[in-house]
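The figures that follow rest on heavy atoms only: side chains count, while hydrogens, waters and symmetry mates do not. As the structure is a computational prediction, the values presented were derived from the model and not from experiment. Numbered from 1 within each chain, the chains take letters A, B, ... in sequence-line order.
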Amino acid sequence: MLSVMVANPHAEHLQELLEALNEPQREAVTHGEGPLLILAGAGSGKTRVLAHRIAFLIYTDQAQAGEILAITFTNKAAREMRERVERLLGHGTRGMWVMTFHAACARILRAEAQRLGYTRQFTIYDQADARRLAKRSADAVGVDPKRHTPAALHNHISAAKNGLLDAAAYRRRAGSQFEEMVADVYDVYERDLHRMNAMDFDDLLFRTVNLLELFEEVRERYRESFRHVLVDEYQDTNHAQYRLLQLLVGGGRPPRRDEEPQPGDRPTYAGPLGHRNLAVVGDDAQSIYSFRQADIRNILDFQDDFPDARVVKLEQNYRSTQTILSAANAVIANNRGGIAKRLWSELGQGEQIHLRALDDDFAEARHVVGEIQRLLDEEQVARSEIAVLYRTNAMSRALEETLTRADVDYQVIGGTKFYERAEIKDAIAYLSLLANPADAVSFARVVNSPRRGIGQTSVGRVLAFADAHGITAWEAAARGEQAGVGAAAVKALARFMDTMRELRAIAGLPPVGDEDRRPGEAVTGEAATGEAQPGEAALAPGAPVGDLLEALLAQTGYVEALEAERTIEAQGRLENLEALVEGAREFDASAPEGQDTLDAYLQQVALVADADTRSDEGLITLMTLHNAKGLEYPVVFIAGMEDGVFPHSRAIDEGGLEEERRLFYVGITRAMRRLYLTYARRRAVFGAQTYGLPSRFLDEIPPDLLDASSREGEQRERAFRPGALAGGFAPAGRERIAARAGGAGGWQRPHAGAAREHAGEAAAASFRLGEDVVHAAFGEGVVTGVEPGGVIVVRFAGDGSERKLMAEYAPVSRR
DNA sequence: ATCCTGATTTTTTTT
DNA sequence: AAATCAGGAT
């Protein structure tokens, strides 16, 4: 090692790079070629190790920037990784692939899609689009929609894809009538996707694996190109991702029993070994994505895959106090199996953990907010140092309302997404349809939005006609009459198509019909090898995406229709669209050399959830426990510590307790100095009151780690400013918890969600447009809309927000 | 084709 | 509590 350093022109940098590391970290960073497994406990500096390793590989000339593929699970993690590497190198990382699995696959497929019978403009369907398509497929097959929801069907298909089973392979394994039916739906779903030149999220992985298995030349090219592959959060990889990595680095093992090929399956590639320069980092105790088919065995069996792998354990935690670590260790000890790790910290015992019981979800929220206010005022804690975590997104509501009321600024990570709003999805669907005329889902979405007099029936006829004749929705729309569409709708369709053709011209796209191969006709085998240079732009660059969007919104009449509504809600939608255009302009400005900007833009929009767009400094952060993985905060609240909420009732039913416990472990270990746990005896779920018991996980925390008032049985709910709501009296957890922990068998735990009572009293006040109202949480506002079903829209003066409320039940009254 | 109303569903977690 | 869906009225 030393000799390398001395001979190296970057010797100074190198030394600096390595000095800042502890011994095992340094071992991982300086490991040379060959497989490397880094078992990194929570807070042990794994991101740091990855970033340093990348810098080390470059400084020691073991790799060029362009020869590194570093994979993360979220875009946010990717961005952070890139920034850290740039800081270490002191310059940019051009050519380095630092991105999510999905983004890397999309990029490879963009270049190679033609080999699989797709054009490079293929559309990426998000979850909602995929579900819609699954519903259509289910209808086509004649599935009873009452018995099987599209979501459930799509989940099965998704699981199959992540297991690398296509429809035929899935059918071969079908062992029940239900699975036969899923196979039928899968068949149609898969065929339609391909016909529409579209892929869902799972396809991005599956098709890339297909590509690398099928085309030796492509496989070799990417193998050579990525001399070193690094993977973060390896415990959360699924089978498709596992297989992808094996193909890229050349390694692997015989199939497991549940992966045995069946007669009729396409043979999988098992060729010569590759460079095997694969470095993975992970922690089996933090595996929390099995619902996405993550397979914890990937990390547990890494040494079977690579018997010569070097294994490094990182056990020193730099984040949390010993009290917090002890709690985390005690909790996770209740799981069976797993790789033994002893996390330790030099940060001292620190403060004990605070546990509080509250009467209901709003009392819980008031307690949390009251404590936050105290920390801000009395202890000079910064807002950015505080996070509130919860199990499900829906739980943010009580917290948000209470924070708003207390005038504490906050941000929610995840949750309702910008790109999921109807007007944004419409605009994106227009772009998708322009780029990919075969995209029937987008076609169906926008053809009558704004209203053009093309209703469900007409759209259905067009799509059925396209289906019957094996043509695209675009082509079918141009032949409305033959499709049996009524005369008025034919005219409307023609006008719509004219508009779309004009927009295609503005986008710089050629007229539809001759620019690309019809999707669905795969170019297979040898015939394809050698043609089509990846990365080469086939089309002339068109107008910038921002301009195109603006033109589109104007020419389709979309903006006009919204303006005509003259409601504040429509005003909000217009503002959202302006924000979208603005974002697109920023994208244009930073896009490299104008080529294929539309495709690149659509890809980014599809793959970048705004959970990872910016997170403002200076705000309290609210998010789900899942979203918190990889983050750390000096002060962490975990709310909703009740059985049925956390662990979630579905997980209890389906035997997912160990994963829930890992999720709790993740939550605890986010905290650096201070950890608060709260639960509510009563909580509104789906608008009905539910009674819950304290989470069984609370019993697993050694009582001496809890602070005195947590243990001593009673304390007052913290006074809540302003407007001092009734401070509830809370005889707290200890007796009940201790009683249960002590008494073997304890008391019977009612099935979660069993106890419910009806909520709300009547007094149906009818509100009228323009009336001044006051809301218990949001304050003063004005009625800006009255909708059917007793829904009113209120614009609040406090924060300018607009919210839909149930007039009958919401705490609003006339002012 | 579109609007209106009542019924049903939603809540795991995400690329 | 609020969103979505289905069926019926216009």
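- With its ring centre under 5.5 Å from that of the base six-membered ring and a plane angle below 30°, Phe291(A) counts as stacked on dT13(B).
- Once the 5.5 Å centre distance and the 30° plane angle are applied, the aromatic ring of Phe101(A) is found not to be stacked with the base of dT15(B).
- Residues forming a ring-ring contact (aromatic ring centres under 6.0 Å, His included) with His154(A) (at least two apart in sequence, or on another chain): Tyr189(A).
- For Arg397(A), whose side chain is taken as the heavy atoms from C-beta onward, the closest listed nucleotide among dA2(C), dT13(B), dT15(B) is dA2(C).
- With sequence neighbours left out, Glu659(A) forms a side-chain contact (heavy atoms from CB on, under 4.5 Å) with Ser290(A), Phe291(A), Arg662(A).
- Of the candidates dA1(B), dT15(B), dC3(B), the closest approach to any side-chain atom of Arg451(A) belongs to dC3(B).
- Residue Asn448(A) is classed as a sugar-phosphate contact, given heavy-atom separations below 4.0 Å to backbone atoms only.
- Proximity note for Thr392(A) (side chain, C-beta onward) versus dT14(B), dA1(B), dT13(B): the nearest is dT13(B).
- Taking the charged nitrogens against the carboxylate oxygens, Arg292(A) and Asp236(A) have no contact shorter than 4.0 Å, which rules out a salt bridge.
- In terms of phosphate contacts, Thr624(A) brings a side-chain nitrogen or oxygen within less than 4.0 Å of OP1 or OP2 of dT14(B).
- Of the candidates dT13(B), dT10(B), dC3(B), dT10(B) carries the atom nearest the Phe686(A) side chain, counting heavy atoms from C-beta on.
- Applying the 4.0 Å criterion to OP1 and OP2 of dT11(B), one finds that Ser649(A) has every side-chain N and O outside that range.
- Taking the side chain of Gln127(A) as heavy atoms from C-beta on, and the options dT15(B), dT14(B), dT11(B), the nearest nucleotide is dT15(B).
- Atom CZ of Phe73(A) and atom P of dT13(B) are 18 Å apart (whole Å).
- Rounded to an integer number of Å, the gap from CZ of Arg683(A) to C1' of dA1(C) is 15 Å.
- Comparing dT14(B), dT11(B), dA6(C) by their closest approach to the side chain of Asn627(A) singles out dT14(B).
- Glu401(A) has a carboxylate O that lies under 4.0 Å from a charged side-chain N of Arg397(A), or vice versa, which qualifies the two as a salt bridge.
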